[in-house]
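What follows is a single structure, written as structure tokens, with notes after it.
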Amino acid sequence: MAQDDDPTRDSAPDLQILGDQITLQPRSYVEARRHDDQEPLMHNMARFRSEPLQFLREVSLYVSGTGWRAYDNVIGQPIFYSGFSEQMRNSVVSAPLLQTRISELADRRLQIEEKEGWLKRDDKDFVTKKAQRRAIIESGIQEVAEKMTNDMICKFESKTFIRGAYYLVTQLLTRAYHQGIHVSSEEVLRLRKVAEVAEKKKQSIIFLPSHRSHVDYVSMQLICYRLGLALPVVVAGDNLNFPVVGSFLQHAGAMWIRRSFGNDTLYTTLVQAYIDTLLQGGYNFECFIEGGRSRTGKLLPPKFGILSFILDSLLSGRVEDAIICPVSTQYDKVVETEGYVTELLGVPKKKENLADFLSGGSSVLSLKLGRVDVRFHEPWSLRTYIDEQLTKLTPSPGTLRLDIKTPEAVAIKQKLLRTMGYKVLSDINNVSVVMPTALIGTVLLTLRGRGVGKSELMRRIEWLIARVGAKGGRVAHFGNAPLSDVVERGLDVLGKDLVGVVQGLAEPTYYAVDRFQLSFYRNMTIHLFITEALVSASIYTRVKLGGGPAHQEISYTALRDQVLFLSSLFRGEFIFPGEGLIVNLEKTLVGLEDDHILDLKRDERGSILSIGLADEERTAGRENYDFYCFLIWPFIESTWLAAVSLMGLTPPIDLKDDIWIEVAKAQNTAQLLGKTLYHQGDLSYFEAVNKETLKNSYQRFEEEGIIYVVKSKDSKVPPRLRLASEWRPSRDPTKNGALQPSGKLWNFIERIASSRREGKNRRDGATVSTRVLRLADELGARLFEDATHPESKAEAKLSDEEAAHVKKAVKAERRRRRLEGRAHL
């Protein structure tokens, strides 16, 4: 690759953290491939069996706290001292917010006891007895709150512990990720300066990382420890709080929270009080903006639970300010991807336990997974951001009381949460680094044919590197190394289970062995090209019709409408640029024209009239245009599958009442339909049966009012759904009630299908209206049969209260969409 074309040429050098050592990696450095007789450039930490004396020396350095290992002069508030946990617990349980809640709960209990006759107003000692009873109730609630607090809070108690923990975890991590953790020297220096200012102002830095692996929070703690920053308190689900490991993590920074709060107002207030206490004290904080780990490789939509608590701390005035730092964590290989695939294919997630942790950890240590790459976005003031947004959202932000729950305040807070969540995701994408494995996975899954020769693979990777740079993305530093070394390094990390090679041919030929798992790495690049992919898929509505170039042209209006439709369809799936549809579309079209992929025809004023493939692109075999289509086609097919499955939610012709189906069963049936269609040749991509994408599609259908979903107050009753009346297709009474391929839902399916990849052995219209529709109907009939079965867990019919709630929710959702003025399906 020419030096001028190197997208890393203007970036700062990396720091490699490997064991005890920090090494400045010159720009475009890649670890040299070594033969067994060569000495490695850097040594990992010593191992007891091979170097017992060196091993014991290293342990003694940590125990005694020699040099930086002492972790004494950290930037941030004091942590790791005896009594830290007790002081934190006392601060939380004595917080005015929590004490007010305890008083309110005691009042509610007293009202119930009065109503039920336990306390009688006509009793001469009523006032005294009520006061005594209040004291008993408040004391009981206080005890519960103290127990909850003790179980929840992180326990930064011992420096000796954290020194040993750092040594142990580094030993384990550098065996699996043998090339260590890489960070940008520029970003780290900037972060340290921000931390120094925050320490003086007693402000917290709130790290908001992407979440692809359990290694995410381990790597963040290691970086902060090694670089002398105060460790953040990390929000962690209590599913990880199992024996031995749970206590270890809690003393290393984890705060445990329930996966669901339900209607427990005491617990909700307790979490708020703890977060208030941390932010008031200027302690660093960390939570994952996506909630859980991404099983697909790309960013998930933001979860607003913990963000809501943070925002409430500032909006209420209990906290003056905090610093937000979005963080991107990338991997050469994510250790959990094999497990993710089984989950996405419908196998229930196994509960975490110590035995699996130990057995799984031991097998991981022998792997060579490459490196972890952590990038920090420029931190920003949350208070400044809130003030800027409030100025945009309301004409008089100074008079607005957001600490009081009025309809206006709730609506503004929801908008603040949403804009903040998506800003953080956008910031994460902006600093993300594309790893060699992601480049290889992307190329292998965006080429036609069974496999690709090594020279062609390297040519396409070189093209992709240039495109990543042109889109403002960053590629992992390896520009000085021969491209063949980069490819070999990535292939070694991915392994033969993901990428196979056929030897004995004219040249080595590589092919995707596990396309489903490899798609995880392809999805790490899709955010850079999402607008190009949507434009290409929209143009495909004409290209798939065949004929000459003129016949395959699409008018600007038709293209705009289809791009708008697909953008709305994938609103919850991807993070789009914030300039708006028309600006994004114009920029994308001009960019594709400059790349000689599209040909734009304009009128005398320069306005675009029609779009077609450029002659150069046709001559090149449509390879670049196809690249963008291949990126988005699996998602289009998955959404098409979800929409087809809705046809099966049409009640049988002899069923007059509204029957509600369990959401999980409906989604599982959609997945079963997809697996069947794939093996019968009616589905091109097995990735389309991805549970996560199907779930997101159902969520979009709910938002658009295509399906109604009701959630019971009883946690034992699962959520249920039904197809909205106006979206139900008709049945033909003369053909045993067969579904008719017509109506609003059918037209919706057809519109998605127009951008769907044309299969070799099928024609969409005829196939869907016969075999696919019949299969969806048969599977749907089973759902209705299960729902009406006497042993069904969920009621097939709604109670009067639930029906009223659904009616109210539908009206509110329609009003919201109307007020927002956003595009809908």
Side-chain angles (χ1 to χ4, degrees), residues 76 187 190-211 220 232-233 235 272 275-276 278-291 299-328 375-405 408-432 472 527 575-580 820:
E187 291 169 4
R190 182 176 62 200
L191 180 61
R192 284 179 62 91
K193 288 180 182 177
V194 170
E196 287 169 358
V197 175
E199 180 186 25
K200 292 175 184 176
K201 294 183 177 180
K202 208 175 181 181
Q203 291 176 351
S204 303
I205 298 177
I206 301 174
F207 295 101
L208 298 176
S210 55
H211 199 16
M220 269 296 299
V233 174
V235 179
Q272 181 69 69
I275 291 175
D276 284 352
L278 290 171
L279 301 187
Q280 288 164 355
Y283 296 101
N284 291 342
F285 188 72
E286 177 185 345
C287 72
F288 295 102
I289 185 76
E290 302 160 273
L299 288 178
L300 301 176
K303 295 292 188 294
F304 300 116
I306 299 298
L307 276 190
S308 179
F309 287 115
I310 294 170
L311 203 58
D312 194 63
S313 295
L314 271 78
L315 293 177
S316 65
R318 296 189 298 272
V319 174
E320 178 57 35
D321 198 3
I323 307 301
I324 301 295
C325 183
V327 183
S328 166
R375 303 287 150 159
F376 299 92
H377 191 275
E378 183 175 1
W380 41 272
S381 161
L382 181 53
R383 172 63 65 189
T384 301
Y385 177 77
I386 290 172
D387 291 344
E388 289 172 353
Q389 292 301 310
L390 289 179
T391 303
K392 296 177 183 177
L393 293 172
T394 178
S396 52
T399 60
L400 188 64
R401 290 289 304 275
L402 291 175
D403 56 330
I404 302 174
K405 284 192 175 181
E408 182 188 11
V410 170
I412 287 177
K413 185 178 176 183
Q414 288 300 317
K415 287 182 180 178
L416 270 175
L417 270 176
R418 184 177 180 84
T419 54
M420 178 183 167
Y422 280 97
K423 171 179 168 50
V424 171
L425 291 182
S426 179
D427 287 349
I428 291 172
N429 274 339
N430 288 341
V431 295
S432 292
H527 66 278
I575 314 302
F576 296 103
E579 295 95 334
E820 285 183 351

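Here the NZ-OG1 distance, from K392 to T419, works out to 8.5 Å after rounding to the nearest 0.5 Å. Distance check, rounded to the nearest 0.5 Å: CD1 of I386 to OG1 of T391 gives 11.5 Å. For the atom pair CD1 (I206) and CD1 (I323), the distance works out to 8.5 Å, reported to the nearest 0.5 Å. In this structure, the separation between NE2 on H527 and CG on N429 is 4.0 Å, given to the nearest 0.5 Å. Rounded to the nearest 0.5 Å, atoms CG (D427) and CD1 (I324) are 10.0 Å apart. We find the CG-CG distance between L314 and D312 to be 9.5 Å, quoted to the nearest 0.5 Å.
With a 4.5 Å cut-off on side-chain heavy atoms, R383 and D387 count as touching. Looking only at side-chain heavy atoms (C-beta outward), M220 and V327 come within less than 4.5 Å of each other. At a threshold of 4.5 Å between non-hydrogen side-chain atoms, the residues S381 and Q203 do not count as touching. Looking at heavy atoms from C-beta onward, W380 lies in side-chain contact with Y385 at the 4.5 angstrom threshold. Annotation: side chain of L382 is in contact with side chain of M420 (closest heavy-atom distance under 4.5 Å). With a 4.5 Å cut-off on side-chain heavy atoms, S308 and K413 count as touching. For the pair I275/S313, a side-chain contact is recorded, criterion being any heavy-atom separation below 4.5 Å from C-beta on. Residues L307 and L311 form no side-chain contact, since every pair of their non-hydrogen atoms from C-beta on lies 4.5 Å or further apart.
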Worked verdict on L208 versus C325 for side chain to side chain contact (heavy atoms under 4.5 Å, CB included): CA-CA 6 Å; L208 298 176; C325 183; over 6 Å; no

Full working for side chain to side chain contact (heavy atoms under 4.5 Å, CB included) between R375 and S432: CA-CA 7 Å; R375 303 287 150 159; S432 292; over 6 Å; no

Verdict with supporting geometry, I428 and H377, side chain to side chain contact (heavy atoms under 4.5 Å, CB included): CA-CA 7 Å; I428 291 172; H377 191 275; over 6 Å; no

From CA spacing to verdict: side chain to side chain contact (heavy atoms under 4.5 Å, CB included), I205, E286: CA-CA 8 Å; I205 298 177; E286 177 185 345; over 6 Å; no

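Of all the heavy atoms in E290 and L300, the pair that sits closest is OE2-N, 2.8 Å. For the pair S204 and L278, the tightest heavy-atom approach, listed with the atom from each and the gap, is OG-O, 3.4 Å. When all heavy atoms are compared, the tightest approach of F304 to G421 is CE2-CA, 4.2 Å. Nearest approach of C287 to I306, heavy atoms of both residues: SG-CG2, 3.7 Å. Residue L299 comes nearest to L425 through the heavy atom pair CD1-O, 3.5 Å, listed as atom of the first residue, atom of the second, then distance.
Partners of H211 according to the ring-ring contact (aromatic ring centres under 6.0 Å, His included) rule, which considers only residues two or more places apart in sequence or in another chain, are F288. Residues that satisfy the ring-ring contact (aromatic ring centres under 6.0 Å, His included) test with F576, not counting sequence neighbours, are absent from this structure.
No more than 12 heavy atoms of other residues, nucleotides or ligands shown are found within 6.0 angstrom of NZ on K202.
When only modelled atom types and interatomic distance are considered, S316 and R318 share a side-chain donor-acceptor pair under 3.5 Å.
We find that D321 and K201 are not joined by a salt bridge, their nearest charged nitrogen and carboxylate oxygen being 4.0 Å or further apart.
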